[in-house]
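One structure is given below, encoded as structure tokens.
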Amino acid sequence: QVQLVESGGGVVQSGDSLRLSCAASGRTFSRYVMGWFRQAPGKEREFVTAINWSEGSTYYADSVKGRFTISRDNAKNTVYLQLNSLKPEDTAVYYCAARNSRGMAVRSSEYDYWGQGTQVTVSS
């Protein structure tokens with residue numbers, strides 16, 4: 001049973017930073033792609049970034065490129081999302097997801113497991 005547990009969300013001001021964590025358990029994730037998605041009120045869930053666990057290659061949505069950074073710690077089985085220069089439009093619930101494939105994917109339907117989400121609120 002795969003479990004993904006996010007943490008690190010909070011309320012911050014515009015320009016601040018946060019680091020989200022996603023602790024993964026239940027499988028060996030070396031052949032997985034780990035992704036972060038977000039969903040704002042009244043909007044569809046959207047892709048933020050993803051990382052190939054074994055290779056470390058990454059992919060970012062244009063809206064966060066240069067501000068957000070995804071990384072992983074193999075020893076801790078944890079994926080991180082560093083959010084810098086936060087804007088009010090980054091306000092959303094952020095979800096960690098795991099895809100049982102090494103191929104990058106940006107559609108939520110292509111991910112097999114999901115965490116419960118962590119709220120990020122950015123005030124202006």
Side-chain angles (χ1 to χ4, degrees):
Q1 183 78 9
V2 173
Q3 276 197 315
L4 304 174
V5 180
E6 302 99 330
S7 61
V11 180
V12 297
Q13 293 188 332
S14 183
D16 284 351
S17 298
L18 277 176
R19 190 177 79 159
L20 307 183
S21 300
C22 172
S25 62
R27 292 286 170 84
T28 300
F29 291 92
S30 60
R31 292 182 292 178
Y32 278 62
V33 166
M34 304 298 292
W36 286 95
F37 288 75
R38 66 185 181 185
Q39 188 166 18
K43 294 188 177 181
E44 293 188 355
R45 192 168 297 188
E46 66 170 351
F47 173 80
V48 176
T49 181
I51 186 167
N52 180 300
W53 195 292
S54 59
E55 299 170 359
S57 56
T58 58
Y59 185 74
Y60 294 90
D62 287 343
S63 58
V64 306
K65 202 173 293 183
R67 299 190 298 122
F68 293 6
T69 304
I70 189 171
S71 61
R72 86 270 192 240
D73 184 326
N74 293 336
K76 296 183 178 179
N77 249 20
T78 299
V79 176
Y80 301 101
L81 181 61
Q82 179 68 40
L83 295 76
N84 296 331
S85 302
L86 281 162
K87 305 174 182 180
E89 51 263 44
D90 295 318
T91 295
V93 177
Y94 283 72
Y95 296 91
C96 175
R99 168 174 158 83
N100 189 3
S101 169
R102 288 179 174 168
M104 283 291 185
V106 301
R107 292 181 294 186
S108 58
S109 60
E110 296 177 286
Y111 286 77
D112 303 294
Y113 305 99
W114 292 85
Q116 82 288 350
T118 185
Q119 176 72 46
V120 172
T121 302
V122 185
S123 60
S124 56

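If you read the sequence from its start, that first residue is 1, and numbering goes on from there. Keep in mind that the numbers below use all heavy atoms, side chains included, and drop hydrogens, waters and symmetry copies. Note that the structure is predicted; figures quoted are calculated from it, not measured.
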Quick one: does any side-chain atom of [X] pair with a main-chain N or O of [Y] as donor and acceptor, under 3.5 Å?
| X | Y | answer |
| --- | --- | --- |
| Asn84 | Ser17 | no |
| Glu6 | Gly117 | yes |
| Arg38 | Ala92 | no |
| Asp112 | Arg99 | no |

_I'd like to check Met34 versus Leu4 (side-chain heavy atoms, cut-off strictly below 4.5 Å). Are they in contact?_
yes
*In chain order, what residues pass the salt bridge (charged side-chain N to carboxylate O under 4.0 Å, His left out) check against Glu110, with sequence neighbours excluded?*
Arg107
*Taking atom types as modelled and ignoring hydrogens, do the side chains of Glu89 and Thr91 form a donor-acceptor contact shorter than 3.5 angstrom?*
no
*Pair Asp16-Ser14, side chain to side chain donor-acceptor pair (under 3.5 Å): steps then yes or no*: CA-CA 6 Å; Asp16 284 351; Ser14 183; over 6 Å; no
*Tell me whether the guanidinium CZ or amine NZ of Arg27 lies under 6.0 angstrom from the six-membered ring centre of Tyr32 and within 45° of its axis.*
no
For residues 57-65, please give each side-chain donor-acceptor pair under 3.5 Å, one per line with the distance, not counting sequence neighbours.
from	atom 1	to	atom 2	distance (Å)
Tyr60	OH	Ile70	N	2.9
Asp62	OD1	Lys65	NZ	3.1

*Mind listing the closest non-hydrogen atom pair of Thr118 and Gly9 along with its distance?*
OG1-N, 3.1 Å
*Nearest atoms (heavy-atom pairs only) where Trp36 meets Ser21*: CH2-O, 3.7 Å
_Could you measure the distance from the CD1 atom of Ile51 to the CH2 atom of Trp53? Nearest 0.5 Å is fine._
8.5 Å
*Non-neighbouring partners of Tyr111 that pass ring-ring contact (aromatic ring centres under 6.0 Å, His included), sequence neighbours left out*: Phe37
